[in-house]
Every structure is written in structure tokens, then in C-alpha cells.
Visitor: 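Take this structure, written in C-alpha cells, and hold onto it; I'll ask about it next.
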Amino acid sequence: MSKFDLETLRHSTSHILAQAVMEIFPGVKLGIGPSTDDGFYYDFDLPQAITPEDLPKIEKAMKDICKKNQKFERQEVSKEEAIRLFEEKGEKYKVEILNEIDSDKVSLYRNGDFVDLCRGPHVDFTGRIKAFKLLSIAGAYWRGIETNPMMQRIYGAAFPTKDELEAYLTNLEEAKKRDHRKLGKELDLFSLHEEAGAGLVYYHPKGAMLRSLIEDFMKKENLKRGYEQVYIPHIAKIDLWNTSGHTNYYRENMYFMKIDEQEYVVKPMNCPGHILIYGRKTRSYRDLPIRYFEFGTVYRYEKSGVLHGLLRVRGFTQDDAHIFCREDQLEGEIIQTLDFIAFVMKTFGFDFKINLSTRPESFAGTADNWDKAIAILEKALQDRGLPFEIDPGAGVFYGPKIDVKLKDSLGRAWQGPTVQVDFNLPQRFNLNYIGEDGKQKTPVMVHRAILGSLERFIGALIEHYGGAFPFWLAPTQVSILPVSDRHNDYAEKVSAQLKEAGIRVEVDSRRETIGAKIRNAQMQKVPYMLIVGDKEEQAGTVAIRSREKGEIGVKSIQDFSFDLRPEMRYNS
RNA sequence: GCCGACGUAGCUCAGCUGGUAGAGCAACUGAUUUGUAAUCAGUAGGUCGCCAGUUCAACUCUGGCCGUCGGCUCCA
């Protein structure tokens, strides 16, 4: 079935959903009901709440409609006639849509006694619809506008065949097993605490190991590319944020505090800090570009309803950098950054999508500078042949940005890497450098993060690997499992040798059966298990079991350690 | 923030229409000394998210708050 037909099928299913809901809840007012990536939804305005218990009832009614094999009939009517029809029915949302349609003619689709304003197309008969399932109910603002009334949205999945639907549902179950919040608990990586505050992350030793491995990797790669690391404080007087414009444009995301009658701000961004360092002395055009990077922890107030495990939090650490450069260096810097992003994404095996986010309604600086900045970003993307979509109005207040989206286990996209061009903050802070002609010039800034935030990146990474990290990232790389406690000493000896070689090792010396120890290590997704008993102790060897392949043979300790060396590198 | 659902031991979850709580796993103790995904037995562990209210009596009902989940809006 082609993509178009699948959309048609799903859209038709949404009509049947609306039809069924009208049967069960007379008086319901209809919103809109489009197809989605794997199904459909329909929005309803109803005084009472639709509950999960209603879904089976609605599904049953939908199946009955399909069985009746009603014909979908298209009807063209004048706009006035349509408005009259829906006004009679009290469908105020449909009337609202109609009033905004330009053309004089509109189309209606009828099946049975159900009629909906609809561009179409639809399947010919309701009997074509064979495999669907209602999944969830959610609130959704009418037309997606926060100040509009909240409708009740029913989501469903629909496929051409039952097998495809089953496969989809199974896949959904599998995806839930990879959820970073579940794996974070099971693998003892991190926690969030109700008593400490929402959206604030506590890294346990294994999670901290994972994070520091990523930080080490990023630090090395930044230094390689001409960045210099800096550190800045987490709070600063409000004056700094008045200068930067944050108190104007970013206020609702900021935490304020008073110290000695002075108002302070907990930093929501790192840029002003890096700017202060740049501005400390006179710079020559020869000094540029200057690239400052740090793992900068920021705190942003996020609405309670948007928090989501590690993927959306209130306190997070960005692998942030600010490049101060001349205008003629800008494009080169952006291209270098894009290449850096591509390299890192490839290292972790992430697929990504790129957006170019343009000027928001509320912005600092001039429209001319914004246009210039957007043009440069666009050119850099084209230069690297990277496909992208425009995300209108999604830029930050000081400049446009290239956003790279990472996907979680359920296919939801989260913004990670970002590159932003900024002509504004350098002006606001009076930054300058002495040009070739001896005159003061204003530098341009590039704000960039390669991972985005460590929290979000780690959350996505956990789901990407399903918790089974590659060897170089595994918090515990090797688990040594003595067969009985008389082999504990030998296990410690093996452990010491491997640690000497820089391998992260654990010894499971509990008085448990070897089966229980293997099961535990396997569930903890440790890449290698070394079983040591009498045979191994006598021969000075280890029996190797791989997380993926099971038993893979016996080697001397030295050989095992030696053979691991390629896997210890991230570019293996 | 908004709509809806949920919040019981470290984890996963039972607990009917109100009569103050249970299982499995984990932990601890003991026995077992074990060869590639769970040895057996015992012990301990909870102010049932928090605060009010209704009631003779609240894990159970009502309200507020905190937090979580699915969305919407917003974002790294």
C-alpha cells in the first residue's frame, strides 16, 4: 500500500472514530481528525471526560460501523450551504474552519448518517478498514493555541492488515522496554527525587561513569579542534542578564534570588559568562577565532507538565561553546561545527534530522542582521549537502539556529545539537577586536552545543543502545564471576590485572550459584563475563562469555586483555 | 501551565462496595561450595506521596498541594 493510500485509510478511520463517539456521546462537538505517522486522532469537545474505560466501547462501535460497510460519498457544496449545515448541527468548530476557507466550494464526506467537512480522499467503503486500535486519550488545545479551549483527543493506530497492527503494537511494547527511565532504574544509572524537586537529576556511580566517559571524549575532541576550556560561576548579578537581554526575553525561564539586597540570577545560559572572559582584554583580528567551551550547568524553569525523565529537565549541563570570530570566518566556523556534530553523531550511531530555526516574534537586534545570519547558516548546510527543514520562528531571541533532532525509543524527536549565529550579544556587551586597519570592530558569536545537554543526550543514548552500551561506554566492562568462593582470590588477581590495563572490572564474590551470577551480569548488560573456577585458576586463564554471543572460549588473562584493546577506543 | 490518569516495602505489583496492609524479586542471617540466565530456609523492611476535611473508624470517600505518566503548548 502506498503512503498516500495509508494516509487515506488512517484518515478514514478517524472519521469512523468521530462517528462512533457521536453515537455514544450525543452532543459532542467535533474538532479535527487527521492521520498521523502510525494512525490517526480526532479532537472532541465534550463536557464530560472520556475515560480509558470508554475506549473499548468506542472501538466496538467503530467495528460495527466497519461491518456495515457504509459507502464514503463525496459531496461538493457551496461554502454557505456547508456553514448552514454545521450551524444547524451546532458544530461551531467546523463553522470556524469554514469561515476561514477561501474557496466558494467545499467538500463534505458522508458515510451512513455521519457527515464531516473534509478535503478527502477516503477509502470507498468503511469495510476497507480492518485493523485499528485506540491507544490513548489526551488533552489538546483547539488549533494548538494555548489560550483556546482544551479538547479531548483520542489517538489510535491503524494499518492495512491485522498482522501489521500486531507488529506495530509489539514494537511499541519493545520500545517501552528501552525507555531510559526504566533502564535508568534497572541499571542503577540515575534518579530523580520528589523531595528534592522535579526535573533535577542525581547521577549514581554507574551513570556518573557513563557521563564522565562522554565528557572525557568530548573534551578531547574539543581541544583537538582548537577550543579552550573555561569554567564560570553558576550565579551572576541581574545586571549581567539585563545587558544580555535575558531578563527581557527569557525571564519566565529564570530563577531569581536575593543576596545582600542584590538580585542574582541562576544562569539559564552560559554565553554571558564566556563573553565576560572574551571582553577582559583587547583582542586582535589575529587572535580570532577564539573558541571557549565548557560543560556548563544551567537551570531553567520549565512548565511542570513538560518534564520528562532525562530528556526534559530543569537543571542540565550543556557541552556549550562560544566562538568569537570575524565575519569572514563565520561560515568556516559553522561548517567546522557541522562536521564536528556529524562526527559525534556517527561515533554514537545516531541518525538525525536538521531544522533551520528562524526569527521568533520577540527578538533582539535588527531584522537585517537576522536575515544575514539565517543566510549564512543556510549556506553552510548547503555547502555540506545536509538536508534540512525550516522551523519558522523557532530561533533563540539573540539569533537563528541550526537544530539537530535526536529520536527516543518511541520515535519522539528531541533537540540535541545546535548551532546559533549571533550578531546581537557582542553588540550588547560592546565586544570588539582591533582590525587589520587598526580600527575597532565587533566580533560575531557562534553559540554551539554538540551533544546539546548531557542529560538529554544520555537519556537518548540509553534508549538508542537499549542499555547495552558499547564496550568503551559501559560503566562496568567486565564482570568476573568466581565459580565458588575458593576462587575469589584468583578472581581478585584477574581483576587487578585488568584494572592495570585500564579496564573497568567488577568481581561478583557473592555466595551464589554461577548461574545466578551470570543472570545478574547479563541483566546488567555487562559486555563481558569472565567465569573463573578450578580449571582457569590452574591454567591462569579465564572462560569468556560475551553479552551478545554467550560463551566464546578460554584465553589467558593477558590475551583477553590484549584482544580488548581495539574495543576500548570509541572509534573501534 | 492546561486536559486526563496514576502515586502501597529498594524494585515490580496485589489489596472487593471505608474496619489502620500482603506477594515475588532485592537486602540481611544460616545452610549449600556450586561450571554458563534465578539453590533452599529463615529474618527484617511500609506514619499506604504530603496536608486538611467527612466519619465511631480512611490505604480506601472529598478538597488542596507535591510528584509521575500520556498528550497539548513550550524547549537543550
Side-chain angles (χ1 to χ4, degrees), chain A residues 41 43 46 49-53 135-155 176 179 181-182 185-186 188 191-199 250 252-253 268-269 296 298 300-320 357 394 396 401 403-406 410 412-418 420 447 449-457 459-460 481-488 510-523 529-536 543-547 550-552:
Chain A
Y41 68 78
D43 286 347
L46 189 68
I50 300 169
T51 69
E53 290 78 66
L135 296 174
S136 62
I137 308 158
Y141 298 109
W142 168 236
R143 304 193 126 188
I145 297 165
E146 212 175 347
T147 47
N148 277 350
M150 174 102 8
M151 320 265 301
Q152 301 187 66
R153 175 173 297 177
I154 298 179
Y155 281 96
K176 281 180 188 157
D179 191 311
R181 294 164 297 189
K182 184 173 152 69
K185 260 183 213 165
E186 289 172 1
D188 199 13
S191 56
L192 298 153
H193 298 266
E194 182 176 349
E195 67 268 41
Y250 210 69
E252 62 277 16
N253 287 292
M269 292 189 194
V298 295
R300 299 181 184 172
Y301 173 77
E302 300 287 351
K303 291 175 176 178
S304 59
V306 306
L307 301 174
H308 185 98
L310 293 185
L311 298 180
R312 186 79 181 270
V313 293
R314 284 183 176 155
F316 56 98
T317 301
Q318 299 175 303
D319 66 320
D320 206 2
S357 297
V396 205
K401 56 181 182 169
D403 285 330
V404 178
K405 310 270 186 190
L406 309 177
L410 290 172
R412 294 174 292 204
W414 298 86
Q415 184 184 324
T418 182
Q420 310 169 352
H447 308 238
I450 305 297
L451 306 174
S453 89
L454 270 309
E455 283 71 16
R456 179 173 287 178
F457 190 79
L481 313 179
V483 171
S484 85
D485 57 5
R486 72 171 174 277
H487 308 111
N488 285 354
R510 285 141 64 225
R511 284 168 55 134
E512 278 292 351
T513 58
I514 193 67
K517 291 178 185 183
I518 286 167
R519 179 180 155 83
N520 180 258
Q522 197 74 45
M523 289 196 308
M529 287 148 264
L530 301 182
I531 287 84
V532 295
D534 289 335
K535 284 179 276 179
E536 289 75 19
I544 307 157
R545 180 188 169 96
S546 121
R547 173 179 68 190
E551 286 183 74
I552 54 172

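In what follows, chains are A, B, ... by sequence order, proteins preceding strands, each numbered from 1. Just so it is clear, the structure is predicted and the values come from calculations on it, not from any experiment.
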Visitor: Name all residues meeting the ring-ring contact (aromatic ring centres under 6.0 Å, His included) criterion together with A:Tyr141; count only those two or more places apart in sequence or in a different chain, and write none if there are none.
Guide: none

Visitor: How does protein reach along nucleotides 34-48 of chain B, written 5' to 3' as B (base within reach of a heavy atom under 4.0 Å), S (only sugar-phosphate), or - (no contact)?
Guide: BBBBBB---------

Visitor: Taking 4.0 Å as the cut-off, does a side-chain nitrogen or oxygen of A:Arg412 come that near to OP1 or OP2 on B:rG71?
Guide: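 Checking B:rG71 against A:Arg412, a side-chain N or O does come within under 4.0 Å of OP1 or OP2.
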
Visitor: Return one dot-bracket line describing RNA chain B 5' to 3' (Watson-Crick or G-U wobble pairs, both distances under 3.5 Å; ( ) same strand, [ ] crossing, | another strand, . none).
Guide: (((((((..((((.....[..)))).(((((.......))))).....(((((..]....))))))))))))....

Visitor: Looking at A:Arg312 and B:rC74, is any side-chain donor or acceptor paired with a base atom of the opposite kind under 3.5 Å?
Guide: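 Such a pair exists between side chain and base.
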
Visitor: Taking atom P of B:rC69 as reference, at what distance in whole Å does atom CG of A:Leu311 sit?
Guide: 10 Å

Visitor: What are the atom names and distances for every N/O pair under 3.5 Å that joins the protein to nucleotides 61-65 of chain B?
Guide:
none

Visitor: Considering residues at least two apart in sequence or located in another chain, which fulfil the ring-ring contact (aromatic ring centres under 6.0 Å, His included) criterion with A:Phe316?
Guide: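 Counting only residues at least two positions away or on another chain, A:Phe316 forms no ring-ring contact (aromatic ring centres under 6.0 Å, His included).
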
Visitor: Can you list the residues that meet the side-chain hydrogen bond (donor to acceptor under 3.5 Å, both in side chains) rule with A:Asp319, with sequence neighbours excluded?
Guide: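 Testing A:Asp319 for side-chain hydrogen bond (donor to acceptor under 3.5 Å, both in side chains), a comparison that skips the adjacent residues, returns none.
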
Visitor: Can you build the contact string for nucleotides 1-14 of chain B? Use B for base contact, S for sugar-phosphate-only contact, and - for no protein heavy atom under 4.0 Å.
Guide: BBBS--B---SS--

Visitor: Sequence neighbours left out, what passes ring-ring contact (aromatic ring centres under 6.0 Å, His included) with A:His487? Give chain and number order.
Guide: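 If we apply the ring-ring contact (aromatic ring centres under 6.0 Å, His included) test to A:His487, skipping adjacent residues, there are no hits.
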
Visitor: Go through the structure and list residues passing side-chain hydrogen bond (donor to acceptor under 3.5 Å, both in side chains) with A:Glu536, not counting sequence neighbours.
Guide: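 side-chain hydrogen bond (donor to acceptor under 3.5 Å, both in side chains) list for A:Glu536, sorted by chain: empty.
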
Visitor: Can you name the residues that form a side-chain hydrogen bond (donor to acceptor under 3.5 Å, both in side chains) with A:Glu194, not counting sequence neighbours?
Guide: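 Here no residue qualifies.
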
Visitor: Please enumerate all residues that pass side-chain hydrogen bond (donor to acceptor under 3.5 Å, both in side chains) together with A:Tyr250, with sequence neighbours excluded.
Guide: A:Arg300

Visitor: A:Pro149: which residues meet the side chain to side chain contact (heavy atoms under 4.5 Å, CB included) condition with it, sequence neighbours left out?
Guide: A:Tyr93, A:Trp142

